[in-house]
There are 4 protein chains.
Amino acid sequence: MEVSLDLFSRQGYEAVSMAKVAKGVEISKGNLYNYFESKEQMLSEIVLNAVEEIYRDFDSNHDGEISHEEFLKFIDDVFVNMQQNRKFWKLVFSLLLQPNMLEIVEEKLSGLSKDIFGLFYTYFNKENPKDPVTEMVFFSSLLKGTMMQYVFAPESFDIDKLKHKIKLYYSNHCHQK
Amino acid sequence: MEVSLDLFSRQGYEAVSMAKVAKGVEISKGNLYNYFESKEQMLSEIVLNAVEEIYRDFDSNHDGEISHEEFLKFIDDVFVNMQQNRKFWKLVFSLLLQPNMLEIVEEKLSGLSKDIFGLFYTYFNKENPKDPVTEMVFFSSLLKGTMMQYVFAPESFDIDKLKHKIKLYYSNHCHQK
Amino acid sequence: MEVSLDLFSRQGYEAVSMAKVAKGVEISKGNLYNYFESKEQMLSEIVLNAVEEIYRDFDSNHDGEISHEEFLKFIDDVFVNMQQNRKFWKLVFSLLLQPNMLEIVEEKLSGLSKDIFGLFYTYFNKENPKDPVTEMVFFSSLLKGTMMQYVFAPESFDIDKLKHKIKLYYSNHCHQK
Amino acid sequence: MEVSLDLFSRQGYEAVSMAKVAKGVEISKGNLYNYFESKEQMLSEIVLNAVEEIYRDFDSNHDGEISHEEFLKFIDDVFVNMQQNRKFWKLVFSLLLQPNMLEIVEEKLSGLSKDIFGLFYTYFNKENPKDPVTEMVFFSSLLKGTMMQYVFAPESFDIDKLKHKIKLYYSNHCHQK
DNA sequence: TATGAATGAGAGTTCATTCAT
DNA sequence: AATGAATGAACTCTCATTCAT
């Protein structure tokens, strides 16, 4: 499954045939179907796996109300996760932006997204009660854009400086005006 | 070609067979090849077309140095263009995030990106001489994230409010600290 | 038609599409069908044309009985013709050796072959009455092999020396033993 | 593979589609590609196979210098081989005379040709030191013409008589004058 | 006479999936 | 648990030919 994630992430889901996966894990094509019902189901499980891991990371730290420090910590976490699971995120983006994505995968991912950003609604609500939703959307855009840039061209910019700038932005509260 | 853009944008380049395109424009598969040498070339031409249109929009307004007003105007333009060419941008994102993208398309797009963002380097250099590059990356992330969210789920948020917030951010200069 | 012969000879009948021919003669594909009913018929006419020309060359010189000098002259003629119509012969060989050749073409060519070699039956009958048929076959093999080698790799040997050797062979009568 | 050789030989490489081959061996088109990477590679393997067999036949008998008896034996061998592998030779001729032949096939065949005829250069050099090359070309033409006639119309002449005549020619040394 | 848009059959090839062993 | 031969549908692309203009 690690091999599959690697292949899918590197070459794209469509471009990786079951034959390639089979060769990658050095078993026969036929045997692959003893472990996964279909190619779709295989992808689905890969995504599930990774999503669960990500939940594990975040759920432990962030439940209930969120303080300012926890918010900044969350940003740190996102950057760490993004760098650790780059392959997964690359796959996710290439899937997300491909219309007609597998339904189950779509559900899981949009669930993840909702859970994470939902968690911060209360936070933003407290910080900027005038329009917390737009505050959320802004934050979400910023993070998604960052991830996208990092995931597909990690060497094209200094990620730590960007992280610093984002944290700075949310520290000096100037976004509240 | 409009039909192709529509189909590619809706279902993804890989998922749209030449047969589907042919059916879409109600001609025979064979005849399609009187107009386009190959599927790749067809995509390439679609992208070229749209890229040229975009250049036309921006080049007219922005040449040489950029004032603060022009910068804000540019943000407006991006939002207008994003809304007008949503199909194209959807296609672009789905292509960009697919590994092994067609080379010609890649060239065109990275050229467009460089030209546009390069234009703003001088602007940011003036506004925040300490670290204009990170400023650019931040701006680029924000816009890309916004586009991505809009392009794939336009109904999920109020785009005008987001635009307003972005312009506000760049107006009160708090990002310079 | 010269263009067609050139193309067919150079690239092979199968490999030359009607589009290529049309481009070669700089008329439209459609118009081509005003002159030739089909691709087959086009080939047929090309072959016919050339065959007639060859008949014209030989018929004038060789009718009725053949003397030894006329026989040697014939060999000369074959070599001249082979060098002049190399393109045609190249096409002929590539057609002959392709099974399922067009019937009409096949007829014409086998007719040509029979006429020419038939002409020499009487000659060989006189020269070597014991087995004129084998004498003919030997002669025919020698000439066909020579043509084939010349037509497909003219630069690979000295054709004049070969001609000289063949004529020498038929001059010193040692083949009659 | 025997079926393929048979089909290719009978109908010509171009004219035989993979579908026909598949039908011939009564498996699906798709399955064919488990055995051969492509149509070209299939042809290539057929040719390789036959060429190796031919090498096996000749290499065992003829190494180093060649006596007159061995030379006559070689002619015998050629006739035997020609009759045994008629299908293969038919395919070879139809390929050779088709422009743009597959490179790999061409290599194998020209290699075979060079090896075999090269072997006889020393022989002719001894027999006719004045012009061994033309002697070779003459011999080569004669054999190629014979093969061509036999391969495409075996019933049109008595091959044994022709063989006899050829051997006779090379026996009474009258070609040396 | 000339065009070129249009067609449909068929080419080689790929691939997810199945199944007897 | 494991194989790999087998399948059939789908893919991109080609081409001889037709026909309205």
Side-chain angles (χ1 to χ4, degrees), chain A residues 4 7-8 11-23 25-43 102, chain B residues 4 11-23 25-43 102, chain C residues 4 7-8 11-23 25-43 102, chain D residues 4 11-23 25-43 102:
Chain A
S4 312
L7 285 171
F8 284 163
Q11 310 183 29
Y13 173 69
E14 305 272 359
V16 175
S17 68
M18 289 303 258
K20 278 184 191 167
V21 175
K23 193 177 244 175
V25 294
E26 282 176 332
I27 65 170
S28 71
K29 248 190 311 180
N31 198 12
L32 219 51
Y33 282 83
N34 287 331
Y35 299 96
F36 304 99
E37 279 174 17
S38 68
K39 197 186 174 188
E40 291 201 0
Q41 203 251 357
M42 185 172 149
L43 172 63
L102 307 182
Chain B
S4 312
Q11 307 184 30
Y13 174 70
E14 304 272 0
V16 175
S17 70
M18 290 303 258
K20 278 183 191 169
V21 176
K23 194 174 247 176
V25 291
E26 284 177 330
I27 63 170
S28 70
K29 243 186 332 176
N31 196 14
L32 223 47
Y33 284 84
N34 286 333
Y35 300 96
F36 304 98
E37 280 173 17
S38 67
K39 198 187 174 187
E40 289 202 5
Q41 203 249 1
M42 187 171 150
L43 173 63
L102 307 182
Chain C
S4 312
L7 285 172
F8 284 163
Q11 309 182 31
Y13 174 71
E14 304 272 359
V16 174
S17 68
M18 288 303 258
K20 277 183 191 167
V21 175
K23 192 176 245 174
V25 293
E26 283 176 332
I27 65 170
S28 71
K29 249 190 311 179
N31 198 12
L32 218 51
Y33 282 83
N34 288 330
Y35 299 97
F36 304 99
E37 279 173 18
S38 68
K39 198 185 174 189
E40 292 201 0
Q41 202 251 357
M42 187 172 149
L43 173 63
L102 307 183
Chain D
S4 311
Q11 308 184 32
Y13 173 70
E14 305 271 0
V16 175
S17 70
M18 289 305 258
K20 279 184 191 168
V21 176
K23 193 174 248 175
V25 292
E26 283 176 330
I27 63 170
S28 70
K29 241 188 333 174
N31 196 14
L32 223 46
Y33 283 84
N34 286 332
Y35 300 96
F36 304 99
E37 279 174 18
S38 67
K39 199 187 173 187
E40 289 202 4
Q41 202 249 2
M42 187 171 148
L43 173 63
L102 308 183

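Lettering follows sequence order; numbering is per chain, from 1.
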Please examine the side chains of [Y] and [X], heavy atoms only from C-beta on, and report whether any two atoms are closer than 4.5 Å.
{"X": "A:Met18", "Y": "A:Tyr33", "result": "yes"}
{"X": "C:Lys29", "Y": "C:Lys23", "result": "no"}
{"X": "B:Asn34", "Y": "B:Ile27", "result": "no"}

Determine the minimum heavy-atom distance between [X] and [Y], stating which atoms define it.
{"X": "C:Val21", "Y": "C:Val16", "result": "CG2-CG1, 3.6 Å"}
{"X": "B:Gln41", "Y": "B:Glu37", "result": "OE1-N, 3.1 Å"}
{"X": "D:Ala22", "Y": "D:Ser28", "result": "CB-C, 3.9 Å"}

* Is there a donor-acceptor contact under 3.5 Å from the side chain of A:Lys20 to the main chain of A:Ala15? ->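 Between the backbone of A:Ala15 and the side chain of A:Lys20 there is a qualifying donor-acceptor contact (under 3.5 Å).
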*Please work out if A:Tyr35 contacts a base, only the sugar-phosphate, or nothing of the nucleic acid, heavy-atom cut-off 4.0 Å.*
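The residue A:Tyr35 makes sugar-phosphate contact but no base contact.
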B:Phe36 atom CZ is separated from E:dA5 atom P, nearest whole Å, by 12 Å
DNA chain E in dot-bracket form (Watson-Crick or G-U pairs under 3.5 Å, [ ] crossing, | inter-strand) is .||||||||||||||||||||
- request: Test the D:Lys39-D:Tyr13 pair against the cation-pi criterion, namely NZ or CZ under 6.0 angstrom from the six-membered ring centroid and within 45° of the ring axis.
  value: yes
Given protein heavy atoms under 4.0 Å, the one-letter contact record of nucleotides 7-14 of chain F, with B base, S sugar-phosphate only and - none, is simply BB-BSBBB
